[in-house]
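Following: one structure in structure tokens, then a few remarks.
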Amino acid sequence: MRIAFVSSSVPKPRTIKRVNSLSKVSNSLFAIFWERKHGYDYSAKEIEGIDVVRLKTSSRGNLLCRTAETHRLSRLTYSTLVEKKPDLLYISGIEAMFSALKYREHCGTKIILEIADLPASATIERLGYFGKFLSNKIDKLVFSANGLVFTSPYFLWNYYATKKEVSTIDYFIYENLPNREHFVAFRKKPHQKFVIGFVGGVRHYDSLIALFEACKDFEDVEILVAGVGPAYNAVLESAKAYRNVTLTGPYSYSESIADIYSSVDLVYSVYPSDRLNNQLALPNKLYEAIVCEIPILVSEDTKL
């Protein structure tokens, strides 16, 4: 079976794992990534043995610009699909559904859509009645797939289960479990100071600054922020005011993740709990903390 993996963003640890998993069930797999970085510095270098198509984009956040970019990328994606003729589409990112549906109409191919975050939830929550209209349109797009994959069971139980269409579609819960091989080198190290670690996408500026402020007067506490993301530059600039904060910037997940967690005594995974997506998501950090047996600090009123 020839499978196409299509992602509306750059390769991330989760999507790289999906590609590697699919390569075990298909001897003819290729991946299409929209190079929409939004402050992330991930790459496809950890994907081996398959054809990877990278579609360049400006990554501008303006809604009008993003809509135009989505239209252009959808056309390019559709052309690539027609050329390569996959038998199954595995989609990561709701925006990639437009090209997938057009290809299905053309070839009758089935579509599997992964829900790793509630699509556009942060934007929708700010748009009032128009947001509700947009949410309904997105839900219809979600249920136009032939099957769904949820990275958090709570996306299903607390959100999609309320939709009447859920009874008509097959689904699978595939949580963000890390590859054990990436943690073979993990060793708990003795530290002179207590290290609180934030590992992953740097998105929520206020939650990190709250941590910096809470710990600024403790001589025996260090804070490690490993990763990049939309808020990285702002956090990097603010971190200069704190003597006990270190930012590593981008890192190779497969090469560095075990060493990063070996340096951490407490995992910090605090996000604004007023956002529905944050209430229901179960991020990589939960499972990484479990594998390493490190305590994790999270927001109240969340499923995490």
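Being a predicted model, the structure only gives us computed values, none of them experimental. Here, residue 1 is the first one in the sequence, and each next residue gets the next number.
Relative ring orientation between Tyr271 and Phe198 is described as perpendicular, the plane-to-plane angle rising above 60° on a 0-90° scale split at 30° and 60°. Using the six-membered ring where Trp is involved, Trp157 and Tyr154 have ring planes that are perpendicular, over 60° apart on the 30 and 60° scheme. Classification of the Phe150-Tyr160 ring pair by plane angle, with boundaries at 30° and 60°, yields tilted.
The hydrophobic cluster containing Val184 does not contain Ile260, counting ILVMFWY residues as joined when their side-chain heavy atoms lie under 4.5 angstrom apart, directly or transitively.
Proximity of a side-chain donor or acceptor of Ser262 to a complementary backbone N or O of Arg187 within less than 3.5 Å is detected. Under a 3.5 Å cut-off, the side chain of Asn277 and the backbone N or O of Asp117 do not form any donor-acceptor pair. Side-chain atoms of Asn244 come within 3.5 Å of backbone atoms of Cys215 as a donor-acceptor pair (strictly under, hydrogens ignored). No donor-acceptor pair under 3.5 Å is formed between the side chain of Ser299 and the backbone N or O of Pro272. Side chain of Tyr174 to main chain of Arg18: no donor-acceptor pair is present (N/O by atom type, distance under 3.5 Å, no hydrogens or angles). A donor-acceptor pair under 3.5 Å links the side-chain atoms of Tyr268 to the main chain of Ser207, judged by distance alone. Side chain of Gln279 to main chain of Ser273: a donor-acceptor pair is present (N/O by atom type, distance under 3.5 Å, no hydrogens or angles).
The existence of a salt bridge linking Asp259 and Lys189 is confirmed by a sub-4.0 Å separation between a basic side-chain nitrogen and an acidic carboxylate oxygen. Of the charged side-chain nitrogens involved, none lies within less than 4.0 Å of a carboxylate oxygen, so that Glu288 and Lys285 do not count as a salt-bridged pair.
A cation-pi geometry, defined here as NZ or CZ lying under 6.0 Å from the six-membered ring centre and within 45° of its normal, does not hold between Lys102 and Phe98. With Phe30 as the aromatic partner, Lys84 meets the cation-pi criteria of under 6.0 angstrom to the ring centre and within 45 degrees of the ring axis.
Taken from OH in Tyr90 to OG in Ser26, the straight-line distance is 14.0 Å, to the nearest 0.5 Å. The line from CG of Leu208 to CG of Leu236 is 12.0 Å long, rounded to the nearest 0.5 Å.
Considering every non-hydrogen atom in both Pro153 and Ile173, the closest pair reads CB-CD1, 3.7 Å. Closest non-hydrogen pair, Ala258 versus Phe183, comes out as CB-CA, 4.1 Å. Taking both residues in full, the closest heavy atoms of Val291 and Pro178 are given as CG2-CG, 3.8 Å, listed atom of the first, atom of the second, then distance. The minimum heavy-atom distance between Leu304 and Ala281, with the atom names listed, is CB-O, 4.0 Å.
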- Message: side-chain contact (heavy atoms from CB on, under 4.5 Å) for Thr15 and Phe33? Distances and angles first, verdict last.
- Response: CA-CA 10 Å; Thr15 52; Phe33 289 99; 4.1 Å; yes
- Please test Val245 against Val235 for side-chain contact (heavy atoms from CB on, under 4.5 Å), starting from the C-alpha separation and ending with a verdict. CA-CA 10 Å; Val245 176; Val235 172; over 6 Å; no
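In this structure, a donor-acceptor pair under 3.5 Å is present between the side chains of Trp34 and Thr77.
Other residues, nucleotides and ligands place no more than 12 heavy atoms under 6.0 Å from the OH atom of Tyr171.
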